[in-house]
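One-based numbering, in listed order, for ligands and for the atoms of each.
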Amino acid sequence: MVKGDRVYDAMHKPGSFPELRKAVFDYASERMDLDPAPLDGPKSREELAQLAGQTITETGLGGLEALKLFGDVLAPATISIDHPNYLSFIPAAPTEASSLFDLVVSASSIYGGSWTEGAGAVYAENQVLEFLGSECGLPKGCGGVFVQGGTLGNLSALVTARDVAQKRLGRKRWAILASEESHSSLKAVAKVMDIEIVKAAAPTGSLQKPELLAALEGAERDGLEVFAIIGTAGTTNFGIVDDLEAIAQVCKANNIWFHVDGAYGLAGILSPDHRQLYAGIEHADSFIVDPHKWLFAPFDACALVYREPALARAAHTQHGEYLETLNEKDEFNPSDHAFNLTRRVRGLPLWFSMATHGVARYREAIRQNIALAHQIAEEIRVRDYLRLVRDPQLSVVVFERLGWDKSDYDHWSQELLDSGFAFVVPSSHKGRVNTRFAIVNPTTKYEDLVKILDSME
Ligand SMILES: *Cc1c(COP(=O)(O)O)cnc(C)c1O
């Protein structure tokens with residue numbers, strides 16, 4: 001900066017913009033008061049260019065003006081994922097406590113990569129990871145890190161798994177094995193790791209032992225070395241859990257890493273009525289679950305937990321002259337457990353909300369989501385113009401409108417969004433178009449789901 005120039009000072013000096021601080025807090029507070037927030041929807045690039053114009057300029061718009069632009073133009077061009085009738089993909093429904101604490105995390109400049117810098121926050125995050133580990137039956141000493149999302153969680157776990165296998169067996173034609181209904185991120189992981197992915201058939205939606213063994217034998221015949229089998233604990237399309245007990249047995253018998261991808265559905269283990277669906281997960285070497293999906297936390301967070309975190313450190317710890325002062329200490333550095341270095345303490349919003357409300361309310365909210373999914377599935381079953389594609393297990397319900405083609409679904413879906421009532425998009429299964437309700441929001445009402453079914457008549 002030029003000497004005497006006060007712009008630099010004002011930009012960083014606390015309290016220089018009191019009006020702006022108040023306006024931003026008011027905005028956040030008003031957004032949290034909306035019950036519900038309008039669903040809203042996207043606009044084209046051209047429309048936005050017209051409405052918002054050029055926002056990055058040499059002199060700046062001023063904070064109040066930029067905030068107004070966000071509130072009037074940009075925010076309404078984003079869909080409110082926490083709307084009760086946002087039922088597509090996997091929604092998110094953060095608790096108010098978790099959203100509030102996200103603001104605190106933003107205001108606190110905490111570096112979550114190392115114990116030295118983030119100890120207090122890392123302690124709190126680790127309590128949540130230990131809780132999740134113990135819910136899954138992993139022994140004391142399990143642990144890991146909150147990473148950005150399930151894709152990165154799966155990658156990090158599988159990099160650790162291959163590291164373990166490679167130390168034992170040297171270089172091989174490595175492969176991972178998962179069901180044909182597993183998530184697309186596994187294929188993306190295989191691509192960046194330059195390994196193969198072997199898919200086992202899952203005719204009922206759930207990976208079972210005979211298909212698993214057949215796929216493993218097929219991989220061997222092809223000269224592939226399977227170093228990890230991934231059990232999906234709640235497929236994204238159908239919310240169905242693999243036979244984790246069978247996968248655990250096969251992994252144990254063949255000295256293969258057992259990873260559970262529970263990005264969406266593992267949260268269901270918190271419901272006492274549904275915990276038995278996950279039997280076998282206590283044998284997992286690693287698992288993931290996304291708080292931004294079904295643990296009522298804001299974007300973006302994936303809890304990655306290892307049975308033996310030391311194996312992850314061996315695979316992931318970064319070394320560099322400026323970092324060794326951290327590595328020399330015998331301390332728990334979250335970043336050493338995944339493919340990342342600098343990290344936000346993104347587990348803290350979940351920690352705060354769980355610490356605030358207690359776990360029992362989480363168990364009940366999740367149980368109710370599942371109950372609602374099963375209730376609406378019954379309604380679908382009795383309507384003669386609808387067909388339930390599969391019985392739901394968790395909180396995803398997939399169904400067809402008989403006689404509709406893709407363009408009928410597209411048209412109907414667009415009308416629902418344009419009317420501001422609901423966001424439900426087409427999906428498909430084995431080439432047949434369908435649609436689905438993914439229910440993770442405790443404020444979703446049965447009556448509204450029925451209205452959506454009515455709109456398809
Ligand atoms: C959503 C999902 C992922 C990917 O998680 P992101 O947080 O979107 O990266 C992986 N696996 C399953 C089963 C999922 O549902």
Side-chain angles (χ1 to χ4, degrees), residues 79 81-82 86-94 98 132 136 144-159 161 176-193 197 199-200 202 205-207 228-244 247 258-269 277-278 281 284 286-305 338-340 343-344 346-347 349-350 366 369-370 373 392-398 425 427 429 436-441:
I79 297 185
I81 312 292
D82 56 347
Y86 180 114
L87 300 157
S88 295
F89 312 113
I90 302 290
S98 68
L132 294 171
C136 294
V145 57
F146 286 94
V147 295
Q148 173 267 328
T151 302
L152 192 53
N154 282 335
L155 173 66
S156 300
L158 293 169
V159 164
I176 54 176
L177 194 157
S179 112
E180 60 182 336
E181 303 252 346
S182 62
H183 189 264
S184 55
S185 58
L186 295 178
K187 195 171 171 199
V189 165
K191 195 170 168 191
V192 292
M193 289 179 74
I197 178 163
K199 296 278 183 79
S206 158
L207 179 56
I229 301 175
I230 297 99
T232 304
T235 55
T236 321
N237 277 329
F238 284 95
I240 292 177
V241 183
D242 286 346
D243 184 345
L244 302 180
I247 300 174
F258 175 26
H259 175 65
V260 175
D261 178 359
Y264 148 65
L266 186 49
I269 202 170
L277 290 172
Y278 303 85
I281 193 170
S286 56
F287 70 77
I288 63 160
V289 55
D290 281 3
H292 65 225
K293 285 184 169 169
W294 202 11
L295 286 172
F296 316 123
F299 299 125
D300 45 20
C302 164
L304 163 61
V305 177
F339 186 72
N340 62 180
R343 61 177 293 276
R344 177 181 179 84
R346 54 169 56 81
L350 175 61
I366 290 165
N369 284 153
I370 299 173
Q393 236 180 22
L394 299 175
S395 68
V396 178
V397 186
V398 184
V425 295
S427 180
H429 181 60
R436 53 192 270 292
F437 292 156
I439 301 169
V440 302
N441 191 328

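When the ring pair (Phe, Tyr, Trp, His ring centres under 6.0 Å) test is applied to Phe258, no partner is found at least two apart in sequence or on another chain.
In plain terms, the two heavy atoms of Ser156 and Phe339 that are nearest each other are OG-N, 3.0 Å. A pairwise comparison of heavy atoms in Leu350 and Ala297 identifies CB-CB, 4.2 Å as the closest pair.
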Less than 3.5 Å apart, N/O on ligand 1 and N/O on the protein: could you list those pairs with the distances?
| residue | atom | partner | partner atom | Å |
| --- | --- | --- | --- | --- |
| ligand 1 | 5 (O) | Gly150 | N | 3.2 |
| ligand 1 | 5 (O) | Asp290 | OD2 | 3.4 |
| ligand 1 | 7 (O) | Gly150 | N | 2.7 |
| ligand 1 | 7 (O) | Asp290 | OD2 | 2.6 |
| ligand 1 | 7 (O) | His292 | NE2 | 3.2 |
| ligand 1 | 9 (O) | Gly150 | N | 3.2 |
| ligand 1 | 9 (O) | Thr151 | N | 2.9 |
| ligand 1 | 9 (O) | Thr151 | OG1 | 2.7 |
| ligand 1 | 11 (N) | Asp261 | OD1 | 3.0 |
| ligand 1 | 11 (N) | Asp261 | OD2 | 2.7 |
| ligand 1 | 15 (O) | Thr236 | OG1 | 2.7 |
| ligand 1 | 15 (O) | Lys293 | NZ | 2.9 |

Practice task
Report the C-alpha distance between Ser185 and Asn154 in whole Å, list the side-chain angles of each, state the deciding distance to 0.1 Å, and finish with yes or no for side chain to side chain donor-acceptor pair (under 3.5 Å).
Solution key: CA-CA 8 Å; Ser185 58; Asn154 282 335; 3.3 Å; yes

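No side-chain donor-acceptor contact under 3.5 Å links Arg436 to the backbone of Val425.
Ring orientation note: the planes of Phe238 and His429 are nearly perpendicular, at an angle over 60° on the 30°/60° scale.
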